[in-house]
Number of protein chains: 2
Amino acid sequence: MSKIHFDRLAASAIKDTPRRRAIISFFEKSTGAKDPETVWEHLKTKFRRCGLPGVYRNLEQMVNAGILVRVQREGRKRYYGLCPGCGHMHHHHIVCVKCGKIGEMPECTLFKGRTLGGFKIVDHFIQLSGICPECGK
Amino acid sequence: MSKIHFDRLAASAIKDTPRRRAIISFFEKSTGAKDPETVWEHLKTKFRRCGLPGVYRNLEQMVNAGILVRVQREGRKRYYGLCPGCGHMHHHHIVCVKCGKIGEMPECTLFKGRTLGGFKIVDHFIQLSGICPECGK
DNA sequence: AAATAAACAGAAATAATTTCTATTTAGGAG
DNA sequence: CTCCTAAATAGAAATTATTTCTGTTTATTT
Ligand SMILES: [Mn+2]
Ligand SMILES: [Mn+2]
Ligand SMILES: [Zn+2]
Ligand SMILES: [Zn+2]
């Protein structure tokens, strides 16, 4: 219910449009990560004219703006969800394997400036999956 | 030059075929991770008849057999390379951003049995990128 | 209100991967 | 060694996610 994502949208370099607000609202009202087509299905009920390419564009831009996260799951499809730590620095995410809810791994200094088998580590990507508190009950 | 990958092929559930041997040889002779089409281009010079779907199938099966690794890079294409730790347990890889060479993160107990923000961690995927010893010179 | 730049729709194209069917090949039994 | 069966394969076609393109609309600045 917090407005951090709307605030972030307003503060970002991309424009604050009805579509982008609707995308945030959709993610807030539903649980878990969604593929672009699912987001589109919803937007079509809100806007008379609405194209899938626009949804792709917006999702990517909102990731760059730090509002959304892109999560990697099985298969060759992308999924997006609200970034819980919206606006913070570099961090990683954990996705619930049951409901798709997204959690967060706030600080990560695991690989900072380290070397591994002679390789100097320059970047790292971590994708955790797990069971969220609700699904674990 | 070690035969671990051929040995592993012989020991695995999948058959030891000329094509699979040729795939291993190709990776041994060249440096770094390759996409399926690149592997195919090479195989076509070795076998008169050779189809891309077969290459896809073999690459995946050889990953399951622990001979190859699938690496995630930018874009929506897959890449494969020889698994240096071929036959060992669960482990992660580091890819050189310059030449694509694959290195290894042998033991990983970072997330074993842990909890993160209420999520019980059940699986994790780590993809590191870096600069290999040769490219670092 | 006019100008400028960003957002957008809709159609079409692209590119990677998968599916399908018929044919070939490898490894085991006799 | 020869036959048998299951696995492997080719080649064509289909699928699917994503991207590109062009013309129009919308938001923001002046
Ligand atoms: Mn990190
Ligand atoms: Mn691990
Ligand atoms: Zn859950
Ligand atoms: Zn290198």
Side-chain angles (χ1 to χ4, degrees), chain A residues 5-6 8-26 33-65 67-81 100, chain B residues 6-26 33-65 67-81 100:
Chain A
H5 300 101
F6 287 113
R8 176 94 190 153
L9 175 58
S12 71
I14 60 174
K15 289 181 182 172
D16 186 342
T17 68
R19 245 138 248 249
R20 292 182 180 141
R21 285 178 169 265
I23 289 173
I24 293 174
S25 296
F26 174 55
K34 305 275 185 291
D35 61 16
E37 191 142 0
T38 302
V39 176
W40 183 44
E41 292 302 337
H42 173 78
L43 287 190
K44 281 195 289 188
T45 70
K46 298 277 168 182
F47 300 89
R48 200 165 46 78
R49 310 176 76 239
C50 185
L52 187 51
V55 176
Y56 271 90
R57 219 178 318 112
N58 273 327
L59 292 173
E60 262 323 281
Q61 286 167 328
M62 291 168 79
V63 169
N64 292 337
I67 300 162
L68 302 180
V69 221
R70 192 167 155 179
V71 300
Q72 197 61 47
R73 312 183 81 170
E74 274 311 303
R76 53 181 155 131
K77 215 189 277 189
R78 300 174 183 174
Y79 292 84
Y80 296 87
Chain B
F6 287 114
D7 290 349
R8 176 95 189 150
L9 175 57
S12 72
I14 60 174
K15 288 182 182 173
D16 186 343
T17 68
R19 244 138 249 246
R20 292 184 181 140
R21 284 180 169 265
I23 289 173
I24 292 174
S25 297
F26 175 54
K34 305 275 184 294
D35 62 14
E37 191 141 0
T38 302
V39 176
W40 183 46
E41 293 302 337
H42 173 78
L43 288 190
K44 280 195 289 190
T45 69
K46 298 277 169 182
F47 300 89
R48 199 166 46 79
R49 310 175 76 239
C50 184
L52 187 51
V55 176
Y56 272 90
R57 220 178 318 110
N58 273 328
L59 293 173
E60 264 321 284
Q61 285 167 329
M62 291 168 78
V63 168
N64 292 336
I67 300 162
L68 303 179
V69 222
R70 194 168 155 179
V71 301
Q72 198 61 47
R73 312 183 83 171
E74 273 311 302
R76 53 181 154 131
K77 214 189 280 190
R78 300 174 185 175
Y79 292 84
Y80 296 87

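Naming convention: chains lettered A, B, ... in sequence-line order (proteins, then strands); numbering from 1 in each chain. These numbers come from the heavy atoms of this one structure, side chains and all, not from hydrogens, waters or symmetry mates. All of these numbers come straight from a predicted model, not from anything done at the bench.
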Between CG on residue B/L59 and OH on residue B/Y80, distance to nearest 0.5 Å
5.5 Å
Starting from [atom2] on [N], measure out to [atom1] on [X] and report it in whole angstrom.
| X | N | atom1 | atom2 | result |
| --- | --- | --- | --- | --- |
| B/R57 | D/dA7 | CZ | P | 13 Å |
| B/N64 | D/dA7 | CG | P | 15 Å |
| B/Y79 | C/dA15 | OH | P | 13 Å |
| B/I23 | D/dT9 | CD1 | P | 8 Å |
| B/E60 | C/dA16 | CD | P | 16 Å |
| A/Y56 | D/dC21 | OH | C1' | 17 Å |
| B/W40 | C/dT17 | CH2 | P | 13 Å |
| A/L9 | D/dA27 | CG | P | 13 Å |

Are the side chains of B/R76 and A/R76 in touch, meaning some heavy atoms are under 4.5 Å apart?
no
Find every protein N or O atom lying less than 3.5 Å from an N or O atom of nucleotides 25-30 of chain C, and list the pairs.
none

Going by the rule side chain to side chain donor-acceptor pair (under 3.5 Å), which residues pair with B/R21 if we only count those two or more places apart in sequence or in a different chain?
B/D16
With sequence neighbours left out, the residues meeting side chain to side chain donor-acceptor pair (under 3.5 Å) with B/R70 are B/E60
Can you name the closest pair of heavy atoms from A/R20 and A/M62 and give their distance?
O-CE, 3.6 Å
Contact summary for A/H5 and A/I24, nearest pair of heavy atoms
O-CD1, 3.5 Å
Verdict with reasoning, B/F26 to B/K34, per side chain to side chain contact (heavy atoms under 4.5 Å, CB included):
CA-CA 10 Å; B/F26 175 54; B/K34 305 275 184 294; 4.0 Å; yes
Reckon A/R78 touches a base, only the sugar-phosphate, or nothing at all at heavy-atom distances under 4.0 Å?
sugar-phosphate
Sole residue of A/N58, A/N64, A/L9 in side chain to side chain contact (heavy atoms under 4.5 Å, CB included) with A/I14:
A/L9
Neighbours of DNA chain C within residues 43-53 of chain A, by heavy-atom distance under 4.0 Å:
A/R49, A/C50, A/G51, A/P53
So, is A/Q61 close to the C/dA7 phosphate, meaning a side-chain N or O under 4.0 Å from OP1 or OP2?
yes
Below the 4.0 Å mark, does D/dA8 have OP1 or OP2 next to a side-chain nitrogen or oxygen of B/N58?
no
Sequence neighbours excluded and cut-off under 3.5 Å, please list the side-chain donor-acceptor pairs for residues 35-55 of chain B, or say none.
residue: B/D35; atom: OD1; partner: B/T38; partner atom: N; Å: 2.9
residue: B/D35; atom: OD1; partner: B/T38; partner atom: OG1; Å: 2.5
residue: B/D35; atom: OD2; partner: B/K77; partner atom: NZ; Å: 3.1
residue: B/W40; atom: NE1; partner: B/C50; partner atom: O; Å: 3.0
residue: B/T45; atom: OG1; partner: B/H42; partner atom: O; Å: 2.6

Which nucleotide sits closest to the side chain of B/R76: D/dT18, D/dT9, D/dT15?
D/dT18
Among C/dC8, D/dT9, C/dA16, the nucleotide that comes nearest once only the side chain of B/R20 is considered:
D/dT9
Heavy-atom nearest nucleotide on DNA chain D taken for A/K77 and for B/I14; more 5' hit belongs to B/I14
